[in-house]
Amino acid sequence: MSSSQGKLRPSSSELDLDRPNIEDYLPSGSSIQEPRGKLRLRDLLDISPTLTEAAGAIVDDSFTRCFKSNPPEPWNWNVYLFPLWCFGVVFRYLILFPLRVIVLTIGWIIFLSGFIPVHFLLKGQDNLRKKLERVLVELICSFFVASWTGVVKYHGPRPSIRPKQVFVANHTSMIDFIILEQMTAFAVIMQKHTGWVGLLQSTILESVGCIWFNRSEAKDREIVAKKLRDHVQGVDNNPLLIFPEGTCVNNQYSVMFKKGAFELGCTVCPIAIKYNKIFVDAFWNSRKQSFTKHLLQLMTSWAVVCDVWYLEPQNLRPGETPIEFAERVRDIISVRAGLKKVPWDGYLKYSRPSPKHRERKQQSFAESVLQRLEEK
């Protein structure tokens with residue numbers, strides 16, 4: 001950090017956006033004098049917690065860990081196990097997978113042969129149409145679970161249709177919705193997708209009252225908030241399901257819950273979902289893998305094993321804010337599902353930190369450096 005002119009030069013690299021320019025935070029006309037002694041590594045490590053956070057991020061980034069898939073350790077490491085592993089691969093891909101494709105195809109044929117007439121021929125009989133569509137949606141979800149050889153164990157009372165209640169669950173993959181939907185026809189709040197998933201959203205899932213949004217559109221938040229309030233007031237509407245983390249997490253951690261589901265003035269019913277990774281990792285990393293590839297991965301595995309707990313309903317306590325309410329429910333779900341809580345907003349996965357956050361870190365860093373240099 002030497003300078004013949006007694007001043008620090010700003011960094012010339014425009015790519016290093018996170019490196020603070022200390023000179024920008026000095027009072028007008030001030031400068032930093034060169035320290036009398038040598039600045040050793042231990043002095044740098046003592047400068048501020050900022051460097052400690054940076055070193056910790058290099059060694060173990062708790063945010064990135066929330067969205068990493070942890071593949072199982074290989075077990076085909078010797079001459080005795082390798083033939084068994086090869087046999088398993090052949091069996092899964094050449095026998096199980098074709099059978100599962102047949103099961104799913106039969107399911108779609110049965111579903112469409114019932115859904116199309118019901119949806120278009122019973123337009124004037126809304127109550128009957130809604131009941132039949134609920135049954136059919138639950139049926140096709142059951143076929144999806146069967147195509148993975150899903151072994152799902154449900155704990156607690158099955159959700160019922162009641163006004164002024166909302167169900168919230170931790171989120172690992174889009175299959176969370178399918179697993180819950182095969183038991184109860186929920187109306188879910190979901191990111192709008194493209195392709196064949198988007199087609200299903202705008203046709204079949206629209207019939208059970210699902211609500212779509214685009215996280216890149218700020219105006220969608222107000223529209224969705226109004227739809228949520230209207231939905232929970234309806235007596236005959238399907239139960240509302242929300243994944244308040246807002247993104248898929250790897251089923252080992254729990255990120256911050258969005259407060260939207262907790263400021264509707266209704267009862268919140270927590271649902272905890274825990275996957276057993278002995279056969280397959282159910283986590284869907286949407287930035288690295290399409291949902292079609294994710295389904296193929298599940299359909300070529302041995303089985304999808306998970307537990308679902310319907311937990312005790314919770315209400316806002318006197319003097320409790322929606323944010324505190326959200327954290328309390330997150331605690332309940334995390335404890336039941338064995339998840340580690342981390343203080344991160346899941347939306348950071350889709351965007352860079354805000355300029356204000358960087359400026360606060362830079363300001364803190366500059367003050368610590370100046371204080372340490374003055375001591376030297």
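Note that the structure is predicted; figures quoted are calculated from it, not measured. FYI, side chains are in, hydrogens and waters are out, and symmetry mates aren't considered; it's all heavy atoms of this structure. Residue indices begin at 1 and follow the sequence shown.
The heavy-atom pair separating His231 from Ala187 by the smallest distance is CE1-CB, 3.6 Å. Summarising the geometry of Asp281 relative to Gln297, their closest heavy-atom pair is O-NE2, 3.9 Å, with the distance given to 0.1 Å. Across all their heavy atoms, Pro83 and Val79 have their closest contact at CD-O, 3.1 Å. The shortest non-hydrogen separation linking Ser334 to Lys341 is OG-CG, 3.5 Å. Taking every heavy atom of both residues into account, Gln314 and Pro270 meet most closely at CG-CG, 4.1 Å. When all heavy atoms are compared, the tightest approach of Val249 to Cys66 is CG1-O, 3.3 Å.
Interatomic distance, Leu240 CG to Lys227 NZ, rounded to the nearest 0.5 Å: 12.5 Å. Here OH of Tyr310 is found 5.5 Å from CD1 of Ile271. Values are rounded to the nearest 0.5 Å. Atom-to-atom distance recorded for Leu311:CG and Cys269:SG is 9.5 Å, nearest 0.5 angstrom. From Met183, atom CE reaches atom CZ of Arg158 across 5.0 Å, with rounding to the nearest 0.5 Å. Once rounded to the nearest 0.5 Å, the distance linking CZ of Phe143 with CG of Leu139 reads 5.0 Å. How far SG of Cys248 is from CE of Met174: 7.5 Å, rounded to the nearest 0.5 Å.
For Thr267 and Asn315, the side-chain atoms include at least one donor-acceptor pair closer than 3.5 Å. Side chain to side chain, Arg65 and Tyr253 meet the donor-acceptor criterion of an N or O pair below 3.5 Å. A donor-acceptor contact under 3.5 angstrom links the side chains of Asp176 and Tyr275, judged on distance only. In the model, His171 has no side-chain atom that pairs as donor or acceptor with a side-chain atom of Thr247 under 3.5 Å. With no hydrogens or angles considered, no side-chain donor-acceptor pair links Ser69 and Asn285 at under 3.5 Å. Side-chain polar atoms of Arg92 and Ser301 form no donor-acceptor pair below 3.5 angstrom.
Residues Phe120 and Leu128 are members of one and the same hydrophobic cluster, defined by side-chain heavy-atom contacts under 4.5 angstrom among Ile, Leu, Val, Met, Phe, Trp and Tyr. A single hydrophobic cluster is seen to contain both Leu96 and Val151, as judged by linkage of ILVMFWY side chains at heavy-atom distances under 4.5 Å, directly or through other members. Grouping the Ile, Leu, Val, Met, Phe, Trp and Tyr side chains by contacts below 4.5 angstrom, directly or via other members, places Tyr93 with Trp85. A single hydrophobic cluster is not seen to contain both Leu339 and Ile332; linkage of ILVMFWY side chains at heavy-atom distances under 4.5 Å, directly or through other members, places them apart. One hydrophobic cluster, built from ILVMFWY side chains closer than 4.5 Å, holds both Ile179 and Leu200.
Between Glu327 and Arg330 there is a salt bridge, with a side-chain nitrogen of the basic residue lying less than 4.0 Å from a carboxylate oxygen of the acidic one. For the pair Glu133 and Arg129, the salt-bridge criterion is met [side-chain N within less than 4.0 Å of a carboxylate O].
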Please report, to 0.1 Å, the donor-acceptor pairs under 3.5 Å made by any side chain of residues 101-118, with sequence neighbours excluded.
unit_1	atom_1	unit_2	atom_2	d
Thr105	OG1	Val101	O	2.7
Ser113	OG	Ile109	O	2.9
Ser113	OG	Ile110	O	2.8

Between side-chain atoms of residues 159-168 and protein atoms elsewhere (two or more places apart, or another chain), which donor-acceptor pairs fall under 3.5 Å?
unit_1	atom_1	unit_2	atom_2	d
Ser160	OG	Arg162	NE	3.2
Gln165	NE2	Ser160	O	2.8

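Note: Phe91 and Trp302 meet the aromatic proximity criterion, with ring centroids under 6.0 Å apart.
Residue-environment remark: CG (Leu296) exceeds the threshold of 12 foreign heavy atoms within 6.0 Å.
With sequence neighbours excluded, the residues satisfying salt bridge (charged side-chain N to carboxylate O under 4.0 Å, His left out) with Lys226 are Asp230. With sequence neighbours excluded, no residue forms a salt bridge (charged side-chain N to carboxylate O under 4.0 Å, His left out) with Glu206.
Side chain of Asn250 to backbone of Lys68: a donor-acceptor contact under 3.5 angstrom is found. Formation of a donor-acceptor pair under 3.5 Å by the Ser207 side chain with backbone atoms of Ile204 is found in this model. Remark: side-chain polar atoms of Arg336 are not paired, donor with acceptor, to backbone N or O of Ala272 under 3.5 angstrom. With Trp284 contributing its side chain and His294 its backbone, the two residues share no donor-acceptor pair below 3.5 Å. Between the side chain of Glu138 and the backbone N or O of Glu181 there is no donor-acceptor pair closer than 3.5 Å. Judged purely by atom type and a 3.5 angstrom limit, Thr184 has no side-chain atom pairing as donor or acceptor with the backbone of Phe186.
Using a 4.5 Å cut-off on side-chain heavy atoms (C-beta onward), Lys277 and Phe283 make no contact. Annotation: side chain of Asn170 is not in contact with side chain of Ser254 (no heavy-atom distance under 4.5 Å). Counting heavy atoms from C-beta on, the side chains of Ile189 and Leu241 never come closer than 4.5 Å.
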*Give the C-alpha distance, both sets of side-chain angles, the deciding distance and a yes or no for side-chain contact (heavy atoms from CB on, under 4.5 Å) between Phe144 and Leu295.*
CA-CA 9 Å; Phe144 265 106; Leu295 284 181; 4.2 Å; yes
*side-chain contact (heavy atoms from CB on, under 4.5 Å) between Trp344 and Met256: does it pass, once the steps are laid out?*
CA-CA 6 Å; Trp344 299 113; Met256 290 171 55; 5.8 Å; no
*Does the pair Phe325 and Val329 meet the rule for a side-chain contact (heavy atoms from CB on, under 4.5 Å), with working shown?*
CA-CA 6 Å; Phe325 187 22; Val329 173; 3.7 Å; yes
*Kindly indicate, with the supporting measurements, whether the criterion side-chain contact (heavy atoms from CB on, under 4.5 Å) is fulfilled by Val268 and Phe262.*
CA-CA 7 Å; Val268 174; Phe262 303 91; 3.8 Å; yes
*asked:* Does Thr292 form a side-chain hydrogen bond (donor to acceptor under 3.5 Å, both in side chains) with Trp196? I'd like the steps, not just the answer.
replied: CA-CA 9 Å; Thr292 302; Trp196 67 271; 2.7 Å; yes
_Phe279/Trp148 under ring-ring contact (aromatic ring centres under 6.0 Å, His included): CA gap, chis, key distance, verdict_ = CA-CA 11 Å; Phe279 295 122; Trp148 319 319; over 10 Å; no
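Sorted by first then second residue, the salt bridge (charged side-chain N to carboxylate O under 4.0 Å, His left out) pairs that include residues 301-324, not counting sequence neighbours, are Glu320-Arg328. Identified under the salt bridge (charged side-chain N to carboxylate O under 4.0 Å, His left out) test for residues 244-272, with sequence neighbours left out: Lys258-Asp345.
Residue Val152 is tested with Ile273, Leu180, Val305, Val308 for a side-chain contact (heavy atoms from CB on, under 4.5 Å); the sole match is Val308.
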